[in-house]
Amino acid sequence: MSDFDFTLYVDRFSGNRTYHLKRTESGWHISHIAINGDSKPNGAPFLYLNFEQDGVHYPSGIQVFLEHVWTRLKEGSLNDEAAQQRLQELADWVSACEKAQPRWEDWNRKLAGE
């Protein structure tokens, strides 16, 4: 199966983090530091557990887009290069949500563990 990178900006770390996705017969294998495992085609539960662990704000519709990419790969109507591009577009969407969150001194510092 194919391996893909999902690189997004994480406000908590003020920088990029890369999650790794591997398409499997039943979904994705998601891996990132300590939270890893086989997920559904929509990324549940491990992609979103990683997001929660890192305090990532993400768009609510991402699940259907991620499942669409998985389905197209399985059908063979999307090659690995095009899938990687689409996955990065989704990661960029998550990054945009992270960067657009309000900046409140008494809130953002709390998220960073200060």
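As a basis for the values below, the full set of heavy atoms in this structure was taken, side chains included, without hydrogen atoms, waters or symmetry mates. Note that the coordinates shown come from a computational prediction; the quantities given were computed from them, not determined experimentally.
Trp104 and Val10 fall into different hydrophobic clusters, where Ile, Leu, Val, Met, Phe, Trp and Tyr residues are linked whenever their side-chain heavy atoms come under 4.5 Å apart, directly or through other members.
Between Phe51 and Tyr58, the two ring planes are tilted [angle within 30° to 60°].
Distance OH/Tyr9 to CG/Asp92: 14.0 Å, rounded to 0.5 Å. In this structure, the separation between CZ on Phe4 and CG on Leu21 is 8.5 Å, given to the nearest 0.5 Å. Note: Leu47 CG to Ser31 OG = 11.0 Å, rounded to the nearest 0.5 Å.
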Trace of the side chain to side chain contact (heavy atoms under 4.5 Å, CB included) decision for Asn36 with Phe46 = CA-CA 6 Å; Asn36 309 287; Phe46 291 101; over 6 Å; no

ask   = Can you list the steps and then say if His68 with Arg86 is a side chain to side chain contact (heavy atoms under 4.5 Å, CB included)?
value = CA-CA 10 Å; His68 179 76; Arg86 287 185 180 191; 3.6 Å; yes

task = Under the side chain to side chain contact (heavy atoms under 4.5 Å, CB included) rule, what do Leu87 and Trp70 come out as? Steps first, then yes or no, please.
result = CA-CA 10 Å; Leu87 290 170; Trp70 181 87; over 6 Å; no

Verdict with reasoning, Lys74 to Glu25, per side chain to side chain contact (heavy atoms under 4.5 Å, CB included) = CA-CA 8 Å; Lys74 183 175 182 173; Glu25 281 300 315; 4.2 Å; yes

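No donor-acceptor contact under 3.5 angstrom links the side chains of Tyr48 and Asn42, judged on distance only.
You'll find the ring centres of Phe65 and Trp93 inside the 6.0 Å limit.
Taking a cutoff of 4.0 Å between a charged side-chain nitrogen and a carboxylate oxygen, Arg103 and Asp11 qualify as a salt bridge.
Under the 3.5 Å distance criterion, the side-chain polar atoms of His32 are matched with a main-chain donor or acceptor of Thr18. Trp28 places a side-chain N or O within 3.5 Å of a backbone atom of Pro41 that can act as its donor or acceptor partner. Judged by distance alone, with hydrogens and angles left aside, the side-chain atoms of Arg23 form no donor-acceptor pair with the main-chain N or O of His29 at under 3.5 Å. Formation of a donor-acceptor pair under 3.5 Å by the Gln84 side chain with backbone atoms of Asp5 is found in this model.
For Asn79, the side chain to side chain donor-acceptor pair (under 3.5 Å) criterion is met by no residue, not counting sequence neighbours. The side chain to side chain donor-acceptor pair (under 3.5 Å) test applied to Asn16 returns no partner, not counting sequence neighbours.
In this structure, Glu75 places its CD atom where more than 12 heavy-atom neighbours from other residues, nucleotides or ligands lie under 6.0 Å away.
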